[in-house]
Every structure is written in C-alpha cells, then in structure tokens.
Asks: 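Pasting a structure below so you can have a look.
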There are 2 protein chains.
Amino acid sequence: MTTSRTQALAGVPLFGGLEEIELASVAGDASVRRAASGRAFFRAGEAATRVYVLVAGRVKVTEVSPEGHEVILRVNGPGDLFGGVAALVDGSEYPVTARALETSEALAWSGQVMLALMRRFPVVAINAARLVALRLHALQRVHHELMTDRVERRIARAVLRLAREAGRRVESGVEIDFPLSRQDLAQMTGTTLFTVSRTLSGWQSEGLVTTARRRVVVCQPERLVRIADDLS
Amino acid sequence: MTTSRTQALAGVPLFGGLEEIELASVAGDASVRRAASGRAFFRAGEAATRVYVLVAGRVKVTEVSPEGHEVILRVNGPGDLFGGVAALVDGSEYPVTARALETSEALAWSGQVMLALMRRFPVVAINAARLVALRLHALQRVHHELMTDRVERRIARAVLRLAREAGRRVESGVEIDFPLSRQDLAQMTGTTLFTVSRTLSGWQSEGLVTTARRRVVVCQPERLVRIADDLS
DNA sequence: GGCCCCGTATGACAGCCGTCATACCGTCCC
DNA sequence: GGGACGGTATGACGGCTGTCATACGGGGCC
C-alpha cells in the first residue's frame, strides 16, 4: 500500500533530499486520485485545497479567460507537481484547470498537510520554490518567443519541446506520446487551428514530420531546429 | 546599522511570519547593494550568486534572446524579491537582467546563506514558493492576454497594471511613477514602439491619458478599463 | 547657450495570419 | 454498415500591425 506509494515518490523532484523513512511518512499522508482521459483533477475557480504529484499519465494545464478563450500553459508528465502552490495560500482558488489527456493517476495532499510537511522538512519547501521557479523560467522563455517570433517558429519550438519532454522513438522518428490536435498546438502557440494545420501540412509535404489524427511524429528534428533557431 | 536594515525588512512578504529577533538575524546576514539609474544589479548569464530584496527604487527585469530581442518581464518595486530563486540552484546562471530604472537600493544574501536561512526558518522557504507562484500566475495572465488579445487592449492592460502598482495621484489623474518610454511599453506588450506611439496618441487626443517624454498619466481609468475588458 | 541625441510622431505600404466558408475523412457508436 | 461527429485540409479575403522613412522637439551635457 504505502510502500508502493513510497516507490512512486522516489525520484520525484519535490521530495529530493528526503530519507526513505521520511519519504514513507510523506507517502502515508497522501491520497490517490485518478482521472480518466478528458476528466479534470480540478478546474479554475474551485477552492484550491490539494497539491498533486502526477504518478502516471499526462495532464494538460489550461487557463480560460472571461471571454472564453482557452490556452494551454503546459503539459505535465509523471513526477511533475501541479495544482501546486495555489493550495498553499489559504482560501485561494485554482487559477487554472488540470485535465487528464490520458488515464492518469496522482498523489494528493491537502494544502494544510503539505504546509505541515514543509515546516517539518524545509527541503520540501525549498524544492517547491525551485520547481515553481523553473516553471516560471520556462514560461518566460515561451512568453518571449510569443512576443518576438513568427508563428511557424513558435510551432516548431512547441513541437520540439513536446518531442523532447514526451517523445517516444518510433521507426520514422520521434512521436509525441499523447493525443495532440492542431487545436491543442494552436492553444499552446497563440495562433489558430487553421494556421497550425497549414504549417504542419507544409512540413509534412517536405518530409519534416508525419501527422495523423491527433498524432505528430518528428522525422527530421534538425530541420525543425533550423526553423526554430535560424537567425535569418 | 542592522536595526535600520531590520526595519527595511519589516513588512517584506518573503519574511512574513518571522519574529522581530529572527528578522534582525536575517538582516544581519544581508549586505546592501545600490545601483544608480540605468545600472544593473545583475545580468543574464552571470553566475547566480545572490538573492535580492528591493528596499527602495524600481528595477526592471528583462530577458534578451539570442537574436537580441529584449523584452520586459516585470517591474519590481520596494519589498519585491528578485534575482530570486535562480540563486538557490547551485551553479546556475541568472536567466534575466535586473536593471535599476531609478536610483535603487536592495538587500542581498548569497544563495548559500539564503538556503541556510530557509532551513532554519522554513516559513521563509514557504513564502518564497508562494511569491514565485504568484509571479508565475501573473505571468500566466499576461501570457494569456498576449495570445488572445489585440494590441490596443494589451497596452491598456499594461498601463492600468502599472498605474495600480506604481501609480501616484496627481491633479489630472494617476501618474506612473517612473520613467516609461514607448519602447518600454512595447517590450512589455509584445508590439513595437510605433504602434504604442500611435495608440497613446489616439488615447491622448480623446483625453484618456496625457503623455510626455517617458511619462504617462492616466486621466480616465474607467474608459481605459472599458478598452481592457469590453467583451465586444 | 548651443549642440547632439534620445524619445516621439506620423505617414505609406505590405504581408502575416486571423476569419469564414466549404469539403474530406477516420472513428466511434448504434 | 451507416450515420454522426470531431478532427483536418484548403482556399479566399481582409485587416491589424510590423516595417521603413522622415521629421520634430525637449533634455542633458559640455
């Protein structure tokens, strides 16, 4: 029971630096949450009561504006913290929605319990600060790209990032290992599904990628990198 | 000496929850850093050795891409943490540049000392995680706007934010209390100085704002809010 | 006081890309 | 197997806004 949870927490960055016994104690305070593909762990606006660490599956974190525009902020994989630090602020609400892209499993702690853990094991609080900072830096880079780069380059960067973080080797190249629609890519890169469709079509006809329904395989990463980084 | 530093730290969010004696101890570990207008506390790429808390003045945090495009990520005021969490990661580099917009003064701790403080006072680490999370959420909102909103709305939002965070009441309205050029606004909103100039000119001729060299005064905030929020 | 430079203003032009319309196709579900 | 639906493809059109050129004016520095 708890031992399998403890194993799930080994190697999770949030708990790096804890002894095994401490890890077991942390695991003992956790509850298991599962979400089928398409279901939400939590939605924006709900009371932020829990902190999650993803154990298996994949979770997309999205934000919706009052006008109804939805954007994808990131896609989390196993080991990632999410729902994170909103839950540490009393009475706050989740600012984002976390939705399973495929059947997913996470460990969860209430904000109160996580705060107690952090006071008991300061390294966990330090890790949390670091992790959020890394996420901030990643978002700063994407934000910078959005400000200064054309659409094609932004899509190239997004595809390369996803291939790096969630790629699986297949015979023809590296496949992005979860369902990814044109619309999803558009919501990550600040463009429209039409432009993404056009761009991927172009790349496909030149052999850079092969695509199918909600599938993308990167065949020639180096040419994609050239699109992403070329200083012209 | 240390007592004046201690006073400077009272009310700083990073150290919320510390007793006065503890605060004095924290202050004792700090060194004072000053930067004249236009000088940098640190630059992107330098070894991230120090954590700063701004005591007086104003600091803009910018990021430069390999192509040389510079964007402004935020403007910090007194009490704000900056250079923050990069310094907690061993051997890391600052991902951004922090430059004084006016003569500024900060307290600084080495990353090692700050880590020790966090282990001794876990609440400081928890505060740090919260603060970085708040900054992340703020950037997420701006990022969302950049993806979905037109330029005029983005500029309106940026001006309103600055007026709220760094506004000073004057007879004709609320003046943004530090030098702010068209170029600065462009680098905050992902557009060009030309478009900002055109937009502000339009607003000025309609009486929404008055402008001068690196000066912006918001005269009719409610009409600016309408531009920022109108669902049309 | 005068010069230089930075910041600003404004017009002309073009092109990236958003918007809308239409059609195709694979998948799922009865 | 057939229909419905969600995802994709592609064209036409237009406008927001980036790019470039030019000019002006106020501040600061010698």
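First the proteins, then the strands, lettered A, B, ... as listed; each starts at 1. Quick caveat, the model's predicted, so the values are computed rather than measured.
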Asks: Nearest heavy-atom pair of A:L14 and A:M114: which atoms, and what distance?
Replies: CD2-CE, 4.2 Å
Asks: Which letters describe nucleotides 19-30 of chain C, given B = protein heavy atom under 4.0 Å from base, S = only from sugar-phosphate, - = neither?
Replies: BBB----BS---
Asks: Do any of residues 60-73 of chain A sit with a heavy atom less than 4.0 Å from DNA chain D, and if so which?
Replies: none
Asks: Between A:T211 and A:R182, is there a side-chain donor-acceptor contact under 3.5 Å, judged purely by atom types and distance?
Replies: yes
Asks: Could you say whether B:S181 or A:D149 is positioned toward the 5' end of DNA chain C, judged by the nucleotide with the nearest heavy atom to each?
Replies: B:S181
Asks: Need one value for A:S197: base, sugar-phosphate or nothing, where a base atom within 4.0 Å counts as base even if backbone is also close, heavy atoms only.
Replies: base
Asks: Taking the side chain from B:D149 and the backbone from B:L146, do they hold a donor-acceptor pair closer than 3.5 Å?
Replies: no
Asks: Ignoring hydrogens and angles, state whether a donor on the side chain of A:T62 or A:E70 is under 3.5 Å from an acceptor on the partner side chain.
Replies: yes
Asks: Which residue pairs pass the side chain to side chain donor-acceptor pair (under 3.5 Å) test with at least one member in residues 30-46 of chain A, sequence neighbours excluded?
Replies: A:R34-A:E105
Asks: Under the ring-ring contact (aromatic ring centres under 6.0 Å, His included) test, which residues partner B:Y52, sequence neighbours left out?
Replies: B:F41, B:F42, B:F82
Asks: I need the CG-P distance between A:L185 and C:dC17, as an integer number of Å.
Replies: 15 Å
Asks: Kindly calculate the angle separating the two end axes of the helix from C:dG1-D:dC30 to C:dC30-D:dG1, each obtained from five base pairs, and round it to 10 degrees.
Replies: 50°
Asks: Quick one, which residues of residues 170-179 of chain B touch DNA chain D with a heavy atom under 4.0 Å?
Replies: none
Asks: OP1 or OP2 of D:dT8 less than 4.0 angstrom from a side-chain nitrogen or oxygen of A:T211, does that happen here?
Replies: no
Asks: Measure from the side chain of A:T191, starting at C-beta and using heavy atoms only, and say which of C:dG18, C:dT10, D:dG18 lies closest.
Replies: C:dG18
